[in-house]
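Atom set for the values below is all heavy atoms of this structure, side chains included, hydrogens, waters and symmetry mates excluded. Each chain gets a letter, A, B and so on, in the order its sequence line appears, and its residues count up from 1.
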Protein chains: 2
Amino acid sequence: MAEAGGMERSKLDNPEKHGAGTGTLGKALAVLEAVAMADRPQRFTDILQSVGQPRGTLHRLLGHLVDEGLLVQRQDLSYEPGLRLLKLAYRSWSGSRFRDIAEPYLLRLHDLTGETVHLGVLQETEIIYVDKVESRQTVRMSSQIGKASPAYCTGVGKAALSSLPPDELRRITARMEFRPFTARTHRSAAALLAEIEEIRRDGHAFDREEHEAEICCVAAPIAVQEHDLVAGVSVTGPSYRVSMAQLAIWAKDVRKAAAEIAEEVRIRLGPGRGER
Amino acid sequence: MAEAGGMERSKLDNPEKHGAGTGTLGKALAVLEAVAMADRPQRFTDILQSVGQPRGTLHRLLGHLVDEGLLVQRQDLSYEPGLRLLKLAYRSWSGSRFRDIAEPYLLRLHDLTGETVHLGVLQETEIIYVDKVESRQTVRMSSQIGKASPAYCTGVGKAALSSLPPDELRRITARMEFRPFTARTHRSAAALLAEIEEIRRDGHAFDREEHEAEICCVAAPIAVQEHDLVAGVSVTGPSYRVSMAQLAIWAKDVRKAAAEIAEEVRIRLGPGRGER
DNA sequence: GATCGTTGTTCCGCTATCTGGAACGGCGTC
DNA sequence: GACGCCGTTCCAGATAGCGGAACAACGATC
C-alpha cells in the first residue's frame with residue numbers, strides 16, 4: 001500500500017518499527033511476532049486482536065506460517081513458535097564473526113571478575129544480547145542470548161548509545177518510551193542524554209539498578225563505523241556482592257576489552273570484507 | 001494450494017521439506033534460509049544460484065527481507081542474517097514449556113555424570129537441540145542450541161526415532177540421506193532400522209562415534225503422544241574419558257530422567273492445555 | 001433444551017501484489 | 001575501448017493474496 005517513493009530502500013526511513021506490515025511478508029511476520037512475543041500459546045482470536053487483520057486474511061496467514069514450520073498449531077487449536085525459527089537463528093548466531101571475535105575477551109573478563117559478562121548489539125532503541133558468559137551456579141546459561149532489552153536502562157545499551165553520532169542519537173532517543181522499571185530508571189530523554197554526555201567523557205557506563213532492582217553493571221562501547229557496528233560489553237553483578245566502587249575499578253578492564261574487540265574487528269574484517 | 005483435505009493442517013503431510021516455496025512466504029523463507037545456512041555472507045549472485053529464482057523476483061524478495069530486518073545488507077552488497085531472527089528465536093526458546101520442565105532433570109543428570117547433557121526434539125529427519133548443560137571449561141556454553149543434526153547418527157536422534165510408530169518411522173527413514181560422517185555411521189535405512197529395533201527393546205540408544213570421531217553418548221527417548229512430542233535426552237563425552245561400559249552404567253539414569261521428564265510434561269500440560 | 005454468543009473455518013469475486021523476461025548502467029578485465 | 005559480469009530497474013500480465021460474509025461447531029445462558 002503506501003510506499004509510493006521508490007528510491008529509498010529501508011535504511012532507517014520507515015517511521016514505524018517493522019511490524020506494521022510491508023507487503024505480504026510484513027504481515028506474515030507481524031503475525032509471527034505476535035505469537036512469539038506472547039508468553040502463552042495464542043488462540044486465533046488472541047492473534048486476531050493483537051494484529052488488526054481481517055479474519056479471512058489472518059486465517060490464511062496462519063496456515064502458511066504453519067506450513068512453513070514457523071508456527072505449530074496444537075490440537076487445542078492454539079499456535080506457538082515452531083522449531084524452524086530456532087534452527088534458523090542458530091545458524092545466524094553461530095556464523096557471526098563478531099561474536100566469534102569477541103568471545104575470548106569475554107571469557108578473560110569473566111575470569112578476571114568472576115561475574116557475568118554480556119555482549120550486546122544496538123538495534124534501534126533496543127540492545128540485543130548476542131553472547132553471555134556466566135558462572136556455572138547462576139540461574140541458567142545463555143538464557144538470554146537473543147534477548148532484547150531497552151537501551152536506555154541497561155549498561156550496554158547506554159554505552160552503545162554513547163558512541164552514536166549526535167543526530168542519530170537524537171533520532172533514536174526520540175522514539176524511546178521511558179518505562180520506569182525501577183525507582184532509578186531514567187524517565188525522559190533529557191535525563192538520558194545528560195548521562196550519555198558523561199558516559200562519552202568517561203568511556204564507560206554504569207547501570208545502577210535501573211533495569212532490575214539489585215542488579216548493576218559497568219559497560220563500555222564497541223563501535224566500528226566501517227561495519228555499522230554499535231555494540232557494548234558489560235560486567236554485571238548483584239548489588240549485595242558487587243559495590244559501585246568495585247564496578248568503578250573494573251571499568252578500565254571493561255574499556256580495555258571493548259577497545260581490543262573493536263580493534264580486532266577492524267583488523268580481521270578489513271573495510272572491503274565484512275562483519276560476518 | 002494443494003492441501004485438499006481440510007482437517008489436517010500441516011502435521012506431516014507435505015512430501016517436500018519446506019524450502020521449496022509454498023506461496024510468497026515460502027519463497028522468501030527459502031531465500032532467508034539460503035543466506036542463513038551459508039557460512040559466509042552471500043552476494044546477490046550466490047543466492048541467485050542457490051535458490052533457482054529469476055533475477056527480478058529475487059531482488060525484490062531480498063529487498064523485503066532487508067526491510068523486515070531478517071537480513072542485513074552490508075556496504076559491499078552482500079547479505080547476512082539480521083538480528084531480528086535472534087530476537088524472535090529467543091522468545092520462542094525462552095517461552096518453551098517443554099525446555100523449562102526438562103531443565104532440572106538435565107542439571108541433575110549433569111551433576112551425576114559430570115558430562116555434557118543434551119535435550120533434542122525430532123523434526124522430520126533431523127533432531128534439533130533445544131537445551132544443553134555442560135561443564136564450564138569445555139568449549140562454549142549453549143553453543144549449539146538450535147543446532148540441527150541428522151537423526152540417524154546421533155544418540156538423541158536414534159532414541160527419538162525408536163519411539164515413533166512403525167509407519168511414521170518408515171516414512172521418515174525413507175527420506176534420509178545416509179552421509180557417512182565417520183567409519184561407524186550407518187549407511188542404510190536397513191542398518192538403522194535394525195539398531196532401532198534393539199533400542200526399542202533396551203529403552204536407550206548409544207552413539208558410538210557415529211557422528212563425530214572420539215565422541216560417544218547414551219540417550220533415551222522422551223515421547224508424549226498427546227502433545228506430538230518426540231524428543232530425547234543424552235549424556236555425551238569424549239571416548240578417551242568415557243568408556244562404553246561407563247555409558248552402559250549411565251543408561252538407566254538417562255532412561256529414568258527421560259521417563260520423569262515425559263511424566264511431568266504429561267502432568268503439567270494436561271491434555272486440554274498445551275505444550276508451551 | 002432452545003437460543004444466543006463466541007470461535008474457528010470456508011467461500012468467492014476483486015484487485016493489489018507478485019512475477020519474471022528484458023533492458024540498463026557501472027566496473028573491471030582482456 | 002570493447003566485452004563480460006553483476007546488481008538494479010521496468011513493466012505488462014497473471015497469480016496469489018485480500019477480506020467481507022456466510023457457515024458450522026460448541027458452550028454458555030435463560
Side-chain angles (χ1 to χ4, degrees), chain A residues 1-11 20-32 34-35 38 40-68 70-80 272 274, chain B residues 1-11 13 20-32 34-35 40-68 70-80 271-274:
Chain A
M1 315 255 153
E3 214 80 340
M7 287 261 25
E8 289 285 26
R9 234 15 184 144
S10 79
K11 267 292 154 54
T22 309
T24 308
L25 216 195
K27 278 173 196 160
L29 277 172
V31 173
L32 178 58
V35 176
R40 24 183 237 100
Q42 296 289 95
R43 287 213 313 296
F44 185 87
T45 316
D46 299 329
I47 307 172
L48 187 61
Q49 44 194 174
S50 46
V51 302
Q53 213 59 242
R55 306 161 71 84
T57 303
L58 180 60
H59 194 261
R60 179 175 34 77
L61 240 32
L62 285 168
H64 287 168
L65 287 167
V66 170
D67 284 346
E68 291 299 333
L70 295 178
L71 290 181
V72 176
Q73 182 168 28
R74 306 183 329 194
Q75 61 271 46
D76 71 342
L77 300 185
S78 65
Y79 296 87
E80 63 183 8
Chain B
M1 295 303 127
E3 216 78 344
M7 288 260 26
E8 291 284 29
R9 228 12 182 147
S10 75
K11 271 292 156 58
D13 45 5
T22 309
T24 309
L25 216 196
K27 277 173 196 160
L29 277 171
V31 173
L32 178 59
V35 176
R40 21 184 236 102
Q42 295 289 95
R43 287 213 313 295
F44 185 87
T45 316
D46 299 330
I47 306 172
L48 188 61
Q49 45 194 174
S50 46
V51 301
Q53 210 66 237
R55 306 159 71 82
T57 303
L58 179 60
H59 192 261
R60 179 176 33 80
L61 241 32
L62 285 168
H64 287 167
L65 286 167
V66 170
D67 284 348
E68 291 299 332
L70 296 178
L71 290 181
V72 176
Q73 181 167 29
R74 307 185 328 197
Q75 61 271 46
D76 71 342
L77 300 185
S78 65
Y79 297 86
E80 62 183 7
R273 322 274 301 305

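- B:Gln75 places its CD atom 15 Å from the P atom of D:dG7, with the value rounded to the nearest Å.
- Atom CZ in B:Arg60 sits 10.5 Å away from atom CG in B:Leu65 (nearest 0.5 Å).
- Computed from coordinates, the B:Leu58 CG to C:dC18 P distance equals 14 Å when rounded to whole Å.
- When the nucleotides C:dG8, D:dG19, C:dT9 are ranked by their closest atom to the side chain of A:Arg43, C:dG8 comes out on top.
- Atoms CD and CG, on A:Glu68 and B:Leu25 in that order, are 6.0 Å from each other to the nearest 0.5 Å.
- Here D:dG19 presents its C1' atom at 12 Å from CG of A:Leu61, a figure rounded to the nearest Å.
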Where do N or O atoms of nucleotides 21-29 of chain C meet protein N or O atoms at under 3.5 Å, pair by pair?
none

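- OP1 and OP2 of C:dT17 both lie 4.0 Å or more from every side-chain N or O belonging to B:Thr24.
- Between A:Leu70 and B:Leu29, the closest side-chain pair of non-hydrogen atoms falls below 4.5 Å.
- Taking atom CZ of A:Arg60 as the reference point, atom C1' of D:dT15 lies 13 Å away to the nearest angstrom.
- The NE2 atom of A:His64 sits 14.5 Å away from atom CG of A:Leu32, with the distance rounded to the nearest 0.5 Å.
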Please set out all donor-acceptor pairs under 3.5 angstrom arising from side-chain atoms of residues 44-51 of chain B, sequence neighbours excluded.
from    : atom 1 : to      : atom 2 : distance (Å)
B:Asp46 : OD2    : B:Arg43 : N      : 2.8
B:Ser50 : OG     : B:Asp46 : O      : 3.2
B:Ser50 : OG     : B:Ile47 : O      : 3.2

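- Dashed line: the shortest gap from a side-chain N or O of B:His59 to OP1 or OP2 of D:dG7 is not under 4.0 Å.
- Picking from C:dT19, D:dG19, C:dT9 the nucleotide with the shortest atom distance to the side chain of A:Gln73 gives C:dT9.
- In DNA chain C, runs of at least 3 stacked Watson-Crick or G-U pairs (N1-N3 plus N6-O4 or O6-N4, or N1-O2 plus O6-N3, all under 3.5 Å) give these stems: C:1-30 with D:1-30.
- Counting all heavy atoms, side chain and backbone alike, B:Val66 lies closest to B:Tyr79 at CG2-CE2, 3.8 Å.
- To the nearest 0.5 Å, the span separating CG on A:Leu62 from CD on A:Gln42 amounts to 10.5 Å.
- Residue B:Leu77 is in sugar-phosphate contact alone, with no base atom involved, counting any heavy-atom pair closer than 4.0 Å across all strands shown.
- Taking atom CD of residue B:Gln42 and atom C1' of nucleotide D:dG7, one finds them 16 Å apart after rounding to whole Å.
- Between the NE2 atom of B:His64 and the C1' atom of D:dG17 there is a distance of 14 Å, rounded to whole Å.
- One N or O on the side chain of A:Gln73 and one on the backbone of A:Leu77 form a donor-acceptor pair closer than 3.5 Å.
- When the P atom of C:dT19 is taken as reference, atom CD of B:Gln53 falls 7 Å away, rounded to whole Å.
- Interatomic distance, NZ of B:Lys27 versus CG of B:Leu61, reported as 8.0 Å (0.5 Å rounding).
- Taking 4.0 angstrom as the limit, B:Lys27 places none of its side-chain polar atoms (N or O) nearer than this to OP1 or OP2 of D:dA16.
- When the C1' atom of C:dC18 is taken as reference, atom CG of A:Leu25 falls 12 Å away, rounded to whole Å.
- A distance of 9.0 Å separates CG in B:Leu71 from CD in B:Glu80, rounded to the nearest 0.5 Å.
- Of the candidate nucleotides D:dG17, D:dG7, C:dG8, D:dG7 has the atom nearest to the side chain of B:Phe44.
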